[in-house]
Chemist: 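Sharing a structure below in structure tokens format, with a few things to ask.
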There are 2 protein chains.
Amino acid sequence: MDINQKIGERIRELRKQKNISQEALANIAEVDRTYMTGVETGKRNVTVKVLERIVEALELDFASFFNDKIFMK
Amino acid sequence: MDINQKIGERIRELRKQKNISQEALANIAEVDRTYMTGVETGKRNVTVKVLERIVEALELDFASFFNDKIFMK
DNA sequence: TGATACAACGGGTTATGAGTCACATGGATG
DNA sequence: CATCCATGTGACTCATAACCCGTTGTATCA
């Protein structure tokens, strides 16, 4: 599976845990709602700076975000 | 500290552990030698796909790469 | 001194990410 | 049914990531 899809799935999983909409998360991360859709569906190849905003919007740090089976070999 | 600087420092640290040059690492990751310098010095805002190539060149997965104090709140 | 290896910088081109819009779909609800 | 609400898509512009060149500076050698 593509790394962007993995990241999208991870974001969606964490967002659902917080019970918020794509739009709500997008607003906190200061990205467009439709852009967030693209990220979650793995269609966007995000830069580290944008990913940082999303991870922070999820109230996590990079270590926790990537500490998941999906990111392990 | 900026996220790109953190990533650059982390890459440099891991590269030195492996005792290889920027150019050697760049070749494995299939990026340009001068581009790798930019990444290590925190001047580049890399995309996830390129970061994946570098992390793989360091023989790590994302979970291990980000499992470091520097990426924790 | 000259040669070699490594790292950093400046500058230019090309590819693509970031940001935005209108519109479509599907589910729930009155 | 009509109207929200959440999500997804295609197309577009503009900024910048990705890529490549030559050069410079430094250290370490023979």
Side-chain angles (χ1 to χ4, degrees), chain A residues 1-66 68 70-71 73, chain B residues 1-66 68 70-71 73:
Chain A
M1 186 198 266
D2 185 84
I3 182 63
N4 291 318
Q5 287 177 266
K6 288 186 186 178
I7 284 173
E9 280 196 11
R10 179 72 170 140
I11 290 170
R12 179 162 295 184
E13 174 196 14
L14 294 162
R15 176 177 64 80
K16 300 237 170 192
Q17 275 177 29
K18 296 180 73 84
N19 251 292
I20 59 174
S21 66
Q22 283 183 357
E23 187 165 19
L25 182 62
N27 287 337
I28 301 169
E30 293 182 286
V31 299
D32 193 81
R33 174 190 70 75
T34 64
Y35 183 81
M36 185 64 75
T37 295
V39 174
E40 282 196 8
T41 54
K43 290 179 182 66
R44 297 271 181 171
N45 182 27
V46 299
T47 59
V48 165
K49 282 209 172 174
V50 167
L51 182 58
E52 184 185 36
R53 300 215 303 270
I54 296 172
V55 168
E56 280 175 357
L58 290 164
E59 297 177 291
L60 290 177
D61 53 37
F62 271 86
S64 303
F65 181 83
F66 285 105
D68 187 275
I70 204 171
F71 298 117
K73 268 262 164 62
Chain B
M1 186 197 263
D2 186 83
I3 183 65
N4 291 318
Q5 287 176 266
K6 289 186 187 178
I7 284 173
E9 281 195 12
R10 179 73 169 140
I11 291 170
R12 178 161 298 183
E13 174 197 13
L14 294 162
R15 177 177 63 80
K16 299 237 169 190
Q17 276 177 29
K18 295 181 73 84
N19 250 294
I20 59 175
S21 67
Q22 284 181 357
E23 187 165 18
L25 182 62
N27 287 338
I28 301 168
E30 294 182 285
V31 300
D32 192 78
R33 163 185 66 78
T34 65
Y35 182 80
M36 187 62 78
T37 294
V39 174
E40 282 197 7
T41 53
K43 291 179 183 67
R44 295 254 154 215
N45 183 26
V46 299
T47 59
V48 165
K49 280 207 174 174
V50 167
L51 183 57
E52 183 185 38
R53 300 215 303 269
I54 297 172
V55 168
E56 280 175 357
L58 290 164
E59 298 177 288
L60 290 177
D61 53 37
F62 270 85
S64 303
F65 180 82
F66 285 106
D68 187 275
I70 204 171
F71 297 117
K73 267 262 165 64

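Note: hydrogens, waters and symmetry copies are ignored here, and every other heavy atom, side chains too, is used. Lettering follows sequence order; numbering is per chain, from 1.
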Chemist: Determine: side-chain N/O of A:K43 to OP1/OP2 of D:dT9, distance under 4.0 Å, yes or no.
Modeler: yes

Chemist: Might you confirm whether atom CD of A:Q17 has over 12 heavy atoms from other residues, nucleotides or ligands at distances under 6.0 Å?
Modeler: yes

Chemist: Does atom NZ of A:K18 have more than 12 heavy-atom neighbours from other groups under 6.0 Å away?
Modeler: yes

Chemist: Can you tell which of A:R12, A:R33, A:R10 makes a salt bridge (Lys or Arg N to Asp or Glu O under 4.0 Å) with A:E40?
Modeler: A:R12

Chemist: So for A:R33 and C:dG19, does any side-chain atom that can act as donor or acceptor lie under 3.5 Å from a complementary atom in the base?
Modeler: no

Chemist: How many whole angstroms separate atom CD of B:E23 from atom P of D:dC20?
Modeler: 13 Å

Chemist: From CG of B:N27 over to C1' of D:dC19, roughly how many Å is that when rounded to an integer?
Modeler: 14 Å

Chemist: Return the angle between end axes of the helix from C:dT1-D:dA30 to C:dG30-D:dC1, with five pairs used per end and rounding to 10°.
Modeler: 30°

Chemist: Within the structure, does a side-chain N or O atom of A:R15 lie under 4.0 Å from either OP1 or OP2 of D:dT7?
Modeler: yes

Chemist: Would you call the rings of A:F71 and B:F62 parallel, tilted or perpendicular, where under 30° means parallel and over 60° means perpendicular?
Modeler: tilted

Chemist: For the pair made of NZ in B:K49 and C1' in C:dG17, what is the distance, rounded to whole Å?
Modeler: 12 Å

Chemist: Under 4.0 Å between a side-chain N/O of B:R12 and OP1 or OP2 of C:dA8, yes or no?
Modeler: yes

Chemist: Please state how far atom CG in B:L25 lies from atom C1' in C:dA7, giving the value in whole angstrom units.
Modeler: 13 Å

Chemist: Quickly work out the A:I20 CD1 to D:dC5 C1' distance and round it to whole Å.
Modeler: 16 Å

Chemist: Among C:dG17, D:dA17, D:dG8, find the nucleotide with the atom closest to the side chain of A:T37.
Modeler: D:dG8

Chemist: In a check of side-chain contact (heavy atoms from CB on, under 4.5 Å) between B:Q22 and each of B:T37, B:I11, B:V31, B:T34, which one passes?
Modeler: B:T37

Chemist: Whole angstrom is fine here: how far is it from CE in A:M36 over to C1' in D:dC5?
Modeler: 18 Å

Chemist: Within the pair A:Y35 and C:dA18, is there a side-chain N or O less than 4.0 Å away from OP1 or OP2?
Modeler: yes

Chemist: Please state how far atom CD in B:E52 lies from atom P in C:dG17, giving the value in whole angstrom units.
Modeler: 14 Å

Chemist: C:dG19, OP1 or OP2 - any side-chain N/O from A:R53 closer than 4.0 Å?
Modeler: yes

Chemist: In whole Å, what is the span from the CG atom of B:N4 to the C1' atom of C:dG17?
Modeler: 14 Å

Chemist: Counting the atoms with a prime plus P, OP1 and OP2 as sugar-phosphate, which does B:D32 contact under 4.0 Å by heavy atoms, base, sugar-phosphate, or nothing?
Modeler: base

Chemist: Are any side-chain N or O atoms of A:R15 and backbone N or O atoms of A:L58, one a donor and one an acceptor, separated by less than 3.5 Å?
Modeler: no

Chemist: Select from B:R44 and B:E40 the residue whose nearest nucleotide in DNA chain C is closer to the 5' end of that strand.
Modeler: B:E40

Chemist: Between B:D2 (side chain only) and B:G42 (backbone N and O only), is there a donor and an acceptor less than 3.5 Å apart?
Modeler: no

Chemist: Step by step, work out the side chain to side chain contact (heavy atoms under 4.5 Å, CB included) result for B:D68 and B:K6.
Modeler: CA-CA 10 Å; B:D68 187 275; B:K6 289 186 187 178; over 6 Å; no

Chemist: Nearest to the side chain of A:T34 - C:dA8, C:dA22, D:dT7?
Modeler: C:dA22

